[in-house]
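Let me begin by presenting the structure, written as structure tokens, before commenting on it.
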2 protein chains.
Amino acid sequence: MTIRLADTGDDNVLTPCIHDYQLNCGNCRLNGICLPLALKSDDIEQLDSIIQRSKPLQKNQHLYREDDDFKSVYAVRSGALKAYKTTDDGREQVTGFYFPGEILGMDGISNNLHASSAKALETAAVCEIPFTSLEKLSALMPSLQRHFFQLMSREITEDQQLITLLSKNSADERVASLMLSISTRNSRRKLSATQFRLPMSRVDIGNYLGLTVETVSRVFSRMQKLDILQVDNKEIKILDPPGLQNMANMGG
Amino acid sequence: MTIRLADTGDDNVLTPCIHDYQLNCGNCRLNGICLPLALKSDDIEQLDSIIQRSKPLQKNQHLYREDDDFKSVYAVRSGALKAYKTTDDGREQVTGFYFPGEILGMDGISNNLHASSAKALETAAVCEIPFTSLEKLSALMPSLQRHFFQLMSREITEDQQLITLLSKNSADERVASLMLSISTRNSRRKLSATQFRLPMSRVDIGNYLGLTVETVSRVFSRMQKLDILQVDNKEIKILDPPGLQNMANMGG
DNA sequence: TCTCGTCCTTGATTTACGTCAAGGTAGTAC
DNA sequence: GTACTACCTTGACGTAAATCAAGGACGAGA
């Protein structure tokens with residue numbers, strides 16, 4: 001695959017390779033779900049001017065680590081990342097998976113230190129948004145300030161969803177909910193809602209959902225036997241969306 | 001107890017009854033841990049001018065309910081509240097307890113609807129902070145904008161702590177952690193770190209920690225037998241703080 | 001091609017916590 | 001005082017998921 005650069009004069013610049021880091025906010029196909037949402041085009045240019053794009057992260061490479069100085073938040077442009085904390089006794093708690101268009105790193109604002117680590121699950125490109133610049137720009141652009149408040153608030157409500165999931169739901173329900181969540185987020189990005197490749201391992205899924213690998217694996221087998229999901233290693237095909245909904249919802 | 005009003009001319013106005021709702025931010029004894037933190041005194045006056053104080057909530061009275069229109073965030077001035085969501089199958093998930101100086105309601109920003117309900121656990125007074133006013137003021141006062149970003153970020157990191165607790169820790173560890181959290185928050189307010197009255201029921205504690213009432217009760221009994229805690233219904237006395245720390249931390 | 005390492009699956013067994021059941025205690029109303 | 005209610009505690013038992021154990025599948029590298 002050849003990387004197409006925006007300055008080549010190629011007439012393909014508006015649909016560049018997803019890892020192309022010369023892209024700008026104005027022509028990014030994610031701008032409907034990322035920060036620029038609801039900004040006017042000249043505002044987008046201003047936002048664009050503070051954003052830094054660097055070369056893609058390789059699989060397993062860290063974007064930042066717990067207790068690193070907090071300087072920026074990040075928007076995923078391609079690939080996928082996980083955020084995780086290491087508990088006192090050395091185990092890992094995955095706190096979120098991040099797909100293109102989603103923002104991570106906001107947990108670092110409170111103490112000026114990253115509260116979690118972020119690592120690429122596969123080759124991934126991100127936009128770095130220096131926080132002090134974002135603050136200044138927010139003060140000038142009410143819709144940007146509003147949007148960023150909303151993004152943080154969304155992170156809170158999503159965490160609360162996960163809290164509820166962990167505290168009240170069975171293993172089947174947890175895994176079904178995650179599959180639905182990934183499906184929904186895929187369709188927001190105009191990708192298939194019924195067929196996708198999981199970027200994370202079974203261990204990561206378990207660590208996120210508060211389950212062991214074995215349990216996750218057994219749940220997948222069960223879903224396969226019930227013809228709800230077709231599972232081929234990391235390739236997932238949802239055969240029975242209502243059935244999956246049902247499995248996720250029925251609480252108890 | 002008589003309620004002293006600020007306009008009585010009484011020389012006690014600077015240390016009024018905790019439920020006195022004529023108080024302002026400038027003389028509120030919580031202003032070191034609430035929103036005004038780090039604001040200059042004339043800035044505090046501006047903040048003060050947008051804040052609405054109303055009469056105290058009675059026990060079990062709602063401050064807002066899930067899906068209510070979002071208009072304001074709230075600072076607790078006295079008493080305690082719980083935030084909770086009702087799951088699809090009608091059960092309750094407590095997502096947080098809020099004590100004086102703490103802010104709640106921020107989960108409503110993302111969709112302009114409150115994502116959870118908030119109810120007084122005992123008689124409680126709150127300051128209502130209309131969000132649109134707060135937004136406008138934030139754009140003018142960088143330190144206020146910063147502080148509010150930090151408060152939201154703190155909510156995120158605290159939720160992530162809870163996620164980890166629910167996903168990795170035993171019943172003993174969860175209850176011990178909650179007792180330590182309450183103890184810490186008490187000492188931030190210059191109250192006893194070792195002796196306090198729980199404003200919430202065992203059911204609430206269970207709903208928060210993902211445990212049943214019976215389990216919570218058994219954990220308290222066990223802690224009492226180990227001389228870590230003295231439990232007399234809702235009156236808690238921490239007899240062995242290092243022992244409690246130990247019980248909370250040892251992740252096994 | 002074979003080898004090694006990582007990841008995944010499946011089965012047998014254990015266990016922490018949930019469920020069910022009964023009884024105690026404290027606050028409030030009468 | 002008694003009665004009612006909400007809340008808490010304790011015990012006996014059941015179960016979902018963890019743990020322990022073994023083996024299979026797949027990809028990377030020689």
Side-chain angles (χ1 to χ4, degrees), chain A residues 58-60 82 87 89 91-94 119 121-123 165-179 197-226 229-236 247 250-252, chain B residues 58-60 82 87 89 91-94 119 121-123 165-176 178 197-226 229-236 247 250-252:
Chain A
Q58 293 308 307
K59 181 172 174 172
N60 288 328
K82 69 170 173 181
T87 59
D89 56 321
R91 285 174 307 171
E92 190 175 305
Q93 173 64 45
V94 174
K119 182 192 253 192
L121 292 168
E122 57 192 354
T123 306
L165 198 66
L166 291 175
S167 145
K168 296 270 187 300
N169 294 50
S170 67
D172 284 357
E173 291 161 351
R174 293 183 209 183
V175 176
S177 295
L178 178 60
M179 293 304 106
R197 182 180 173 79
L198 298 174
M200 73 293 280
S201 69
R202 301 286 193 269
V203 177
D204 286 333
I205 294 177
N207 267 336
Y208 178 68
L209 296 176
L211 301 169
T212 58
V213 209
E214 293 94 327
T215 300
V216 173
S217 182
R218 277 187 254 266
V219 172
F220 276 132
S221 303
R222 218 172 298 154
M223 286 171 152
Q224 177 130 279
K225 198 172 298 174
L226 291 170
L229 238 58
Q230 198 184 101
V231 184
D232 177 20
N233 204 351
K234 298 196 166 172
E235 291 294 338
I236 301 288
M247 194 165 191
M250 63 183 192
Chain B
Q58 293 307 307
K59 180 173 172 170
N60 288 328
K82 68 170 174 181
T87 59
D89 56 321
R91 286 174 306 171
E92 190 175 304
Q93 173 64 45
V94 174
K119 183 193 252 194
L121 292 168
E122 57 193 353
T123 307
L165 198 66
L166 290 174
S167 145
K168 295 270 184 303
N169 294 51
S170 68
D172 283 359
E173 291 161 350
R174 294 183 209 184
V175 176
L178 178 61
R197 181 180 173 79
L198 297 174
M200 73 293 278
S201 69
R202 301 286 192 271
V203 178
D204 286 332
I205 294 177
N207 267 335
Y208 179 68
L209 296 176
L211 302 169
T212 58
V213 209
E214 293 94 326
T215 300
V216 174
S217 183
R218 279 188 254 265
V219 172
F220 276 132
S221 302
R222 217 172 297 153
M223 287 171 152
Q224 176 130 278
K225 198 171 295 173
L226 292 170
L229 239 57
Q230 198 183 101
V231 184
D232 177 19
N233 204 349
K234 300 195 165 170
E235 292 294 337
I236 301 289
M247 194 165 189
M250 63 182 191

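DNA chain D is contacted by both B/Val213 and A/Ala171; B/Val213 maps to the nucleotide lying nearer its 5′ end (nearest heavy atom per residue). Toward the 5' end of DNA chain D, the nearer of the two residues A/Asn233 and A/Val216, judged by each one's closest nucleotide, is A/Val216. Summary of the strand contacts: A/Ser217 and B/Arg174 both lie near DNA chain C, and taking for each the nucleotide with the nearest heavy atom, the more 5' one is attributed to A/Ser217.
In the model, A/Gln93 has a side-chain atom that pairs as donor or acceptor with a side-chain atom of B/Ser167 under 3.5 Å. Side-chain atoms of B/Asp89 and B/Thr87 form a donor-acceptor pair, as typed in the model, at a separation below 3.5 Å.
One atom, CZ of A/Arg218, and another, P of C/dA12, lie 11 Å apart when rounded to the nearest Å. The NZ atom of A/Lys59 sits 9 Å away from the P atom of D/dA28 (whole-angstrom rounding). For the pair B/Asp232 CG and D/dC7 C1', the computed distance is 14 Å after rounding to whole Å. Atom CZ of A/Arg197 is separated from atom P of D/dG27 by 8 Å (rounded to the nearest Å). Between the CD atom of A/Glu235 and the C1' atom of D/dA25 there is a distance of 16 Å, rounded to whole Å. Taking atom CG on A/Asp204 and atom P on C/dC8, their separation rounds to 9 Å, with Å as the unit.
Judged by distance alone, with hydrogens and angles left aside, A/Arg222 brings no side-chain donor or acceptor close enough to the base of C/dT10 to form a pair under 3.5 Å.
The phosphate of C/dG18 has OP1 or OP2 within less than 4.0 Å of a side-chain N or O from B/Thr215. Remark: B/Arg202 is in phosphate contact with D/dT9, judged by side-chain N or O atoms under 4.0 Å from OP1 or OP2. A sub-4.0 Å separation between OP1 or OP2 of D/dA18 and a side-chain N or O of A/Thr212 is present.
Using a 4.0 Å heavy-atom distance criterion, B/Gly210 is classed as a sugar-phosphate-only contact.
Looking at A/Val219, A/Leu198, A/Val94 one by one, the single match for side chain to side chain contact (heavy atoms under 4.5 Å, CB included) with A/Ile205 turns out to be A/Leu198.
Ion pairing between B/Lys59 and B/Glu122 fails under the 4.0 Å rule for side-chain N and carboxylate O.
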